Protein chains: 2
Amino acid sequence: MSHAVIPALEAVFTVGDVARDADVAPSAVRFYEKTGVITAQRDGGNQRRFDESAPCRIKVAKLAQRVGLTVREIADLFADLPPDPRSQDWGRVAAELVAEAERRTAELRACLAEMQSGGRLCESVDRIPEPPTSPGCRGDHVRSSG
Amino acid sequence: MSHAVIPALEAVFTVGDVARDADVAPSAVRFYEKTGVITAQRDGGNQRRFDESAPCRIKVAKLAQRVGLTVREIADLFADLPPDPRSQDWGRVAAELVAEAERRTAELRACLAEMQSGGRLCESVDRIPEPPTSPGCRGDHVRSSG
DNA sequence: ACTTGACCTCAACATATGTTCAACCGGCAG
DNA sequence: CTGCCGGTTGAACATATGTTGAGGTCAAGT
């Protein structure tokens with residue numbers, strides 16, 4: 001039985017198509033390809049052809065940036081997505097994204113609370129020997145293997 | 001009745017002091033002053049003198065950046081702080097910050113949900129005439145009244 | 001054949017967020 | 001007095017996130 005060869009994931013959308021669908025400038029579409037947020041094939045005339053997930057990835061990336069993720073972090077997150085992601089794949093990514101946003105909000109809340117509690121790290125008018133900031137409330141946050 | 005003149009809010013901390021307390025580079029301290037996150041007086045030798053709120057402002061700014069606020073937005077938020085902020089002033093700022101982080105997380109969640117619901121804006125394999133994205137899930141977000 | 005429009009690349013520019021460096025000043029210890 | 005230490009400035013550099021523009025290609029329409 002000759003199944004039709006899987007069509008290499010119909011990459012049929014042009015830069016302009018994706019730009020319109022995602023509501024960003026074409027330059028941004030090329031930028032997101034360069035940084036790995038989206039991927040493209042090339043057609044006979046060397047033009048980029050995106051699959052239908054591209055506009056979606058960009059929209060999601062924009063939302064993720066809004067809660068503090070870098071383009072690099074977003075590309076890493078999307079790296080797990082299969083080509084032609086299914087609804088459940090998007091669901092998983094969405095969940096990870098929300099979880100990360102909540103992690104950061106929780107950290108914000110916890111560190112602010114720590115700063116206001118006990119020793120009153122803010123408004124420490126007097127010498128109270130500054131209880132050391134807990135790990136996790138220092139500005140570290142790993143900068144990645146890559 | 002001669003009350004002692006209010007001591008201009010003891011601005012006694014040097015760039016180095018603040019950098020050490022906030023755990024950032026001295027260059028960052030100058031940067032934050034330039035952008036209005038912290039403010040300084042000058043001493044006789046033209047050196048910056050910060051009040052005790054400076055390291056705190058910087059620490060809070062770092063946390064806020066982590067959830068997606070820009071330095072500009074943070075400076076605007078701090079603009080409401082009185083000189084020599086009290087615990088309650090910090091409490092208010094902290095609450096606004098957490099509220100903003102939550103607003104953004106909620107928007108993330110809502111827009112992701114919208115994208116996955118009904119028309120399946122992602123994975124729209126077929127022509128389903130793309131229900132328009134709701135306002136609020138477009139990348140607008142006002143860019144400031146100078 | 002010519003024009004048009006959308007694409008291509010690559011470089012320059014622009015803004016945000018910092019760091020580094022050179023050149024200089026001022027106080028304090030030896 | 002002489003260093004050194006830490007402060008000052010301004011400029012240059014660096015990275016992230018894009019935009020703009022010059023110069024070229026390619027297919028479609030007239």
Side-chain angles (χ1 to χ4, degrees), chain A residues 11-50 54 57-78 139-144 146, chain B residues 11-50 54 57-78 139-144 146:
Chain A
V12 298
F13 302 102
T14 68
V15 164
D17 292 337
V18 173
R20 196 178 341 89
D21 285 13
D23 197 28
V24 298
S27 61
V29 173
R30 299 194 186 94
F31 174 76
Y32 288 128
E33 189 211 1
K34 195 174 53 171
T35 54
V37 168
I38 55 179
T39 58
Q41 315 248 309
R42 295 302 177 119
D43 76 355
N46 193 35
Q47 294 195 356
R48 292 167 182 85
R49 290 302 132 129
F50 301 92
R57 284 166 178 250
I58 292 176
K59 285 183 206 165
V60 173
K62 284 302 195 183
L63 291 167
Q65 282 183 285
R66 183 85 178 146
V67 294
L69 279 79
T70 65
V71 168
R72 175 63 186 280
E73 287 167 332
I74 295 160
D76 286 355
L77 189 66
F78 285 176
D140 10 21
H141 300 300
V142 192
R143 263 297 163 239
S144 108
Chain B
V12 298
F13 302 103
T14 67
V15 164
D17 292 337
V18 173
R20 196 178 338 91
D21 285 12
D23 197 29
V24 298
S27 60
V29 173
R30 299 196 187 94
F31 174 76
Y32 288 128
E33 189 209 2
K34 195 174 53 173
T35 54
V37 168
I38 56 180
T39 57
Q41 316 250 308
R42 295 303 179 120
D43 76 355
N46 193 36
Q47 296 196 354
R48 291 167 183 86
R49 290 303 134 131
F50 300 93
R57 285 166 179 250
I58 292 177
K59 286 184 204 163
V60 173
K62 284 303 195 183
L63 291 167
Q65 281 183 286
R66 183 82 179 150
V67 294
L69 278 79
T70 65
V71 168
R72 175 63 187 278
E73 286 168 334
I74 295 160
D76 286 354
L77 189 64
F78 285 176
D140 13 19
H141 300 300
V142 191
R143 262 300 161 237
S144 98

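The sequence lines fix the lettering, A, B, ..., with proteins before strands; numbering per chain opens at 1. Keep in mind that this is a model prediction, so the values were computed, not measured.
Closest heavy-atom contact between B:Ala25 and B:Ala19: C-CB, 4.1 Å. Residues A:Arg57 and A:Val37 come closest through the heavy atom pair NH1-O, 3.1 Å. What you find for A:Ala11 and A:Arg49 is that their closest heavy atoms are O-CB, 3.0 Å.
Regarding A:Arg20, its CZ atom lies at a distance of 14 Å from the C1' atom of C:dG5, rounded to whole Å. Regarding A:Asp43, its CG atom lies at a distance of 10 Å from the C1' atom of D:dC26, rounded to whole Å. Atom CD in B:Glu33 sits about 15 Å away from atom P in C:dT19, given to the nearest Å.
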Taking protein heavy atoms under 4.0 Å as touching, what does nucleotides 13-18 of chain C look like 5' to 3' if B marks base contact, S marks sugar-phosphate-only contact and - marks none? ----SS
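In this structure, A:Asp23 has no salt bridge (charged side-chain N to carboxylate O under 4.0 Å, His left out) partners at least two apart in sequence or on a different chain. Under the side chain to side chain donor-acceptor pair (under 3.5 Å) criterion, A:Thr39 pairs with no residue, sequence neighbours left out. Under the side chain to side chain contact (heavy atoms under 4.5 Å, CB included) criterion, A:Arg48 pairs with A:Val15, A:Arg30, A:Glu33, A:Ala40, A:Arg42, A:Phe50, not counting sequence neighbours. Residues passing the side chain to side chain contact (heavy atoms under 4.5 Å, CB included) test with A:Gln65 are A:Tyr32, A:Lys62, A:Val71, A:Ile74, sequence neighbours excluded.
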Nucleotide N/O to protein N/O under 3.5 Å, stretch nucleotides 7-12 of chain C:
residue	atom	partner	partner atom	Å
C:dC7	OP1	A:Thr14	OG1	2.9
C:dC7	OP1	A:Gly16	N	2.9
C:dC8	OP1	A:Arg48	N	2.8
C:dC8	OP1	A:Arg48	NH1	2.8
C:dC8	OP2	A:Arg30	NE	2.9
C:dC8	OP2	A:Arg30	NH2	3.2
C:dC8	OP2	A:Arg48	NH1	3.1
C:dC8	O5'	A:Arg48	NH1	3.4
C:dC8	O3'	A:Arg42	NH1	3.3
C:dT9	OP1	A:Arg42	NH1	3.3
C:dT9	OP1	A:Arg42	NH2	3.3
C:dT9	OP2	A:Arg48	NH1	3.1
C:dT9	OP2	A:Arg48	NH2	2.7

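Under the 3.5 Å distance criterion, the side-chain polar atoms of B:Asp76 are left unmatched by any main-chain donor or acceptor of B:Glu73.
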